[in-house]
Amino acid sequence: MNIQRILPTLGPDSADRGQPDPIQLIATFRRRLRVFAATLVIVLAGVIVFTLEQKPRYTATSYVMIDTRKRDVTKIDEVLSGLPADSSAVDTEVQILQSRSLATRVVESMHLDQDPEFNSDLKKPSILGQILKAPGQLFKSAAPALSPQAAAQQKEIEAKKHFDLVVDRVLKRQKISRQGLTYVIAIDFTSIDPNKAAEIANTFANDYLLEQLEAKFDATKQASQWLNDRLGQLRVQVEQAESAVASYRAQTGLMSAVGSNLTEQEVSNLNQQLALAQADEAQQEAKVRTARQQLAAGSNGEDVGAALDSEVVKSLRAQYAEVSGKLADLQTRYGARHPEVQRVSKQLDDIKSQIQQEINRTISNLDAQAQVARQRAGSIQASLGRARGTLAGNNQAAVRLNELERNATSVRTLYESFLNRFKETTTQQGMAESDARVVSKAKIPSDPSFPKMGLNLAMGLIFGVLAGVAAIFLAEALDSGIATSEDIERFLGVASLGSVPLLSSTQGGAKGGGQSPADVIVEKPLSAFAEAFRNLRTSIVYSRVDKPIRVVAVTSSLPGEGKTTTAFCLGRAMAMSGSRTVVVDCDVRRRNINRLLGQEPAVGLMEVLAGKATLDQALVLDSASGAWFLPLARSSFTPKDLFGGAAMQNLLADLKSRFEFVLLDTAPVLPVADTRSLAPQADVVVFLTQWRRTPRRAVQTAFELLRSVGADIAGVALTQVDVREQARYGYGDAGYYYRAYRKYYVQ
């Protein structure tokens with residue numbers, strides 16, 4: 001691919017930089033403007049035809065919003081919580097709106113599987129469709145009959161398949177998009193019927209909300225059912241746990257009273273009684289011990305505390321005091337031997353004896369009370385020991401009781417929590433709300449959304465421009481011809497000798513004003529066409545500075561590249577410049593020199609080589625320019641090796657002695673072998689290539705053939721160059737500036 005031509009470079013070092021030259025890019029575009037315009041027109045025409053053939057479609061849009069606000073009627077937690085107010089939740093709802101399940105619901109609710117727009121089987125088939133369907137029906141009729149059950153299954157499978165296809169078509173017509181970063185979601189639906197488009201878009205929104213409500217209702221219903229079943233199980237567990245506690249209490253006697261069992265109360269009471277009994281025992285023991293200590297100290301017992309407190313002792317002491325006073329009075333009055341004194345004295349002794357007896361009884365009573373206190377304390381102590389033993393056993397049994405009670409409490413707590421949650425869940429069944437709401441229903445569209453002529457034309461224009469640019473690149477890549485001297489040096493590796501313009505491009509008429517190229521050389525020697533040959537002559541003469549150039553072979557790779565015309569005109573230009581020049585027609589198959597001379601000679605080159613005529617007899621003088629020509633006469637005889645023998649070498653030696661320049665108009669290199677015989681005998685070979693026509697590969701192949709025989713290729717000259725197109729489209733070379741210097745020539 002000619003990438004270097006597609007992307008020309010800037011400056012001499014731009015090959016390394018790889019920077020495209022904008023001027024050359026513009027020139028390339030101008031050069032391929034027709035290709036670009038044709039491609040653009042074709043693309044635009046295709047877009048217009050496509051747009052006109054499309055059925056108009058209408059798009060309706062409904063909007064739903066994820067509602068982040070909730071009505072807080074009760075403080076009851078929902079079974080299925082509301083959507084969180086974050087971006088991922090909104091994106092998730094967009095995916096749900098695009099889900100197949102929601103589309104299936106819409107198809108079922110609107111019976112879209114019975115709509116010909118979505119079910120192609122309901123459409124009336126075209127004639128072409130019937131023709132294409134006929135072979136299938138033929139094979140179908142040849143299939144073996146199915147059983148009723150298999151036929152029913154097959155029919156069900158086909159129905160499901162068609163239904164799935166309808167759902168697929170509905171999903172393709174649907175478009176769900178979030179509106180920026182908001183909680184609003186747009187639901188677009190496209191249909192050939194605007195009313196249907198709006199209805200389906202609204203159905204998608206409504207079914208989406210209904211699906212949310214059903215999801216919450218189903219979740220609440222399932223939760224209620226599960227809670228109810230669980231409550232039944234927990235109710236039985238509570239009854240069993242409480243029954244186990246009651247039975248164990250009855251078995252172990254752990255009957256509770258005011259937060260404690262009976263044994264604990266009994267131990268507590270006995271402890272209190274024992275303390276009181278022990279205090280009473282100590283008191284009684286102290287009284288007895290004090291009384292005995294007083295008696296032991298010589299007391300008669302009158303000072304004993306119990307005696308002092310005795311009413312009997314107090315009465316006897318009063319009597320004793322009274323009788324003692326009476327006795328003292330009687331003794332004073334009657335003396336000690338008086339009978340009355342003795343009687344009163346005896347009475348006083350009797351009272352004293354009663355006091356002593358009463359004191360003894362009091363002390364004995366103290367002993368008895370102390371003994372009773374000791375026995376009572378011992379009895380209470382024994383009862384307390386028995387109660388403590390019972391309590392120890394009860395404490396061991398209470399471990400199991402506590403375990404049973406904890407189990408019963410936990411089961412009862414779980415049962416109560418489940419019961420409360422069941423009541424809350426049952427209450428929620430009539431209070432479920434959707435997490436979204438419709439903020440705008442779809443309106444019936446008035447203008448079609450597809451096709452849009454303006455948009456399609458704009459897109460067609462863009463694609464047309466892109467396709468045109470691609471076509472330019474493709475055309476440049478496929479262009480394998482030689483267009484500039486730069487191409488000659490880059491692809492062929494030889495010097496550029498110049499270019500021969502197309503005569504019609506240098507003059508006003510389409511064919512050069514009716515003149516032939518050979519005549520222009522003579523009639524208009526100051527024209528651009530004639531100047532091109534003078535430039536070519538100069539390039540040939542100075543192509544080799546180490547040797548003189550006398551014999552020049554003019555050839556090309558393929559026929560029709562202007563080789564004979566170039567040789568003829570070049571010969572005239574050299575002769576008109578004062579150089580004796582001869583042009584030898586060596587193309588025995590064409591003999592085009594005769595056509596340009598306008599005469600048919602009797603003898604020519606072949607006769608000279610065969611020795612049937614002399615050189616002077618064969619040479620023809622061109623009186624208009626002074627050039628000599630050695631043409632080919634009409635002859636049916638062609639030697640096997642015409643130019644490879646000594647005769648040709650001798651002829652060239654003779655011509656070199658007579659003329660300054662000998663131009664050999666040879667045959668094309670690729671189809672004819674004659675040129676390979678002549679080329680080594682010439683000083684240099686001037687290779688002609690038709691501008692933009694001759695493939696580079698053909699030129700390279702011809703070069704390989706010429707070099708294989710030792711030919712010296714001076715360079716390549718371009719022929720039939722359209723200088724106006726070259727100047728207009730920027731192919732390079734001096735011709736690029738033709739507009740600037742064309743007035744310099746006399747056309």
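Owing to the predicted nature of the structure, the values given are computational and were not obtained by experimental measurement.
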Inset, instruction - For R57, enumerate each residue passing the salt bridge (charged side-chain N to carboxylate O under 4.0 Å, His left out) test, keeping only those at least two apart in sequence or located in another chain. - result: none

Inset, instruction - Would you check if there is a donor-acceptor pair between the side chains of T59 and T190 at a distance under 3.5 Å? - result: yes

Inset, instruction - Count the heavy atoms belonging to other residues, nucleotides or ligands that lie under 6.0 Å from CZ of R534, then report whether that count exceeds 12. - result: yes

Inset, instruction - State whether D587 and K563 are salt-bridged, where the test is any N-O pair (Lys NZ or Arg NE/NH1/NH2 against Asp/Glu carboxylate O) under 4.0 Å. - result: yes

Inset, instruction - For the pair D487 and R490, find out whether any cationic side-chain nitrogen is under 4.0 Å from an anionic carboxylate oxygen. - result: yes

Legend entry - Charged N-O contact under 4.0 Å between K547 and D712: yes

Inset, instruction - Look at the rings of F629 and F568 and say which category their plane angle falls in: under 30° parallel, 30 to 60° tilted, over 60° perpendicular. - result: parallel

Legend entry - Shortest non-hydrogen contact from D585 toward N592: OD2-N, 3.7 Å

Legend entry - More than 12 heavy atoms of other groups within 6.0 Å of K161 NZ: no

Using distance only, find each side-chain donor-acceptor pair of residues 457-475 under 3.5 Å and give its atom names and separation, not counting sequence neighbours.
none

Legend entry - Min side-chain heavy-atom separation L718-I482 under 4.5 Å: yes

Inset, instruction - Report yes or no: does E523 contribute a side-chain atom to a donor-acceptor pair with the main-chain N or O of V520 at less than 3.5 Å? - result: no

Inset, instruction - Please examine the side chains of L52 and M453, heavy atoms only from C-beta on, and report whether any two atoms are closer than 4.5 Å. - result: yes

Legend entry - R693, CZ: over 12 other non-hydrogen atoms inside 6.0 angstrom: no

Inset, instruction - Can you sort out the partners of E600 under salt bridge (charged side-chain N to carboxylate O under 4.0 Å, His left out), two or more places apart, ordered by chain and number? - result: R591

Legend entry - Lys NZ or Arg CZ of R696 over F491 ring: under 6.0 Å, within 45°: yes

Inset, instruction - With the side chain counted from C-beta on, respond yes when I713 and L706 share a heavy-atom pair under 4.5 Å apart, and no when they do not. - result: yes

Legend entry - Minimum side-chain heavy-atom gap D674-C586 below 4.5 Å: no

Legend entry - Check ion pair K172-D168 (N to O, under 4.0 angstrom): no

Inset, instruction - Please indicate whether R589 has more than 12 foreign heavy atoms, meaning atoms of other residues, nucleotides or ligands, lying under 6.0 Å from its CZ. - result: no

